[in-house]
Amino acid sequence: MNPDQARAAILAAVAAIPAGAVQSYGRVAQLAGLPKRARLVARTLSQLPDGSGFPWHRVVRAGDCIAFAPGSADFDRQRALLLAEGCKVSTNGRVSPRAAPVATLDEQLWGAMFGDWSGP
DNA sequence: ATACTGACCCCCG
DNA sequence: ACGGGGGCCAGTA
């Protein structure tokens, strides 16, 4: 998979997160077909132009916690955007999503075929 | 080529 | 709760 395809897949996965829900970097990478590349997701989001309206704020660290340092400008920005979508965000950055995340098309198909079977 | 550095993740004491 | 250590990968110096 070339870098441009990877970038597109990541952005698509992020754009698919519904308002009020959050996903972790690792999960976004996985959904984008890029397992073990959480850092690439972070880097990709970091290079987003601001004011694009792209919902980068729905991506958080594993454990539903904002990745930025509490008190930083970026932290406050992300917190405000999440609050505006109805999530609860504690001052330390812990996020309680208002909505459940939705799976990718692939995952929905797999779920339909195998239910919640989690492996051999 | 080596050496850090990061909007990361996970396990273990 | 909390730090340490390993794994991971793309940029940058």
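So that the names make sense, note that chain A is the first sequence line, chain B the second, and so on, each numbered from 1.
A donor-acceptor contact under 3.5 Å is not formed by the side chain of R39(A) with the base of dC9(C).
Within the nucleic acid shown, R61(A) comes within 4.0 Å of sugar-phosphate atoms alone, with no base atom in reach, counting heavy atoms only.
Taking atom C1' on both nucleotides, dC8(C) is separated from dG6(B) by 12 Å, rounded to a whole Å. dA13(C) and dA1(B) are spaced 13 Å apart, taking the C1' atom of each and rounding to whole Å.
Rounded to an integer number of Å, the gap from CD1 of I10(A) to P of dC8(B) is 14 Å. Computed from coordinates, the K36(A) NZ to dG6(B) P distance equals 24 Å when rounded to whole Å. Distance CG (L45(A)) to C1' (dG6(B)): 13 Å, rounded to an integer number of Å. Across the protein-nucleic acid pair, Y25(A) atom OH and dC8(C) atom C1' stand 16 Å apart, rounded to whole Å. In this entry the distance linking CZ of F54(A) with P of dA7(B) reads 18 Å, nearest Å. One atom, CD of Q78(A), and another, P of dC8(B), lie 11 Å apart when rounded to the nearest Å. Whole-Å rounding puts the F68(A) CZ to dG6(B) P distance at 14 Å. Put simply, CZ on R37(A) is 14 Å from C1' on dG7(C), counting in whole angstrom units.
Around the CZ atom of R98(A), the shell of radius 6.0 Å holds more than 12 heavy atoms that belong to other residues, nucleotides or ligands.
Comparing dC9(B), dC9(C), dA10(C) by their closest approach to the side chain of L40(A) singles out dA10(C).
When the options E85(A), R79(A), Q78(A) are evaluated for a side chain to side chain donor-acceptor pair (under 3.5 Å) with H57(A), the one that passes is E85(A).
Here the side chains of S24(A) and V59(A) are not in contact, with every heavy-atom distance at 4.5 Å or above.
Under 4.0 Å is where a charged nitrogen must lie from a carboxylate oxygen, and between D74(A) and R77(A) at least one such pair does.
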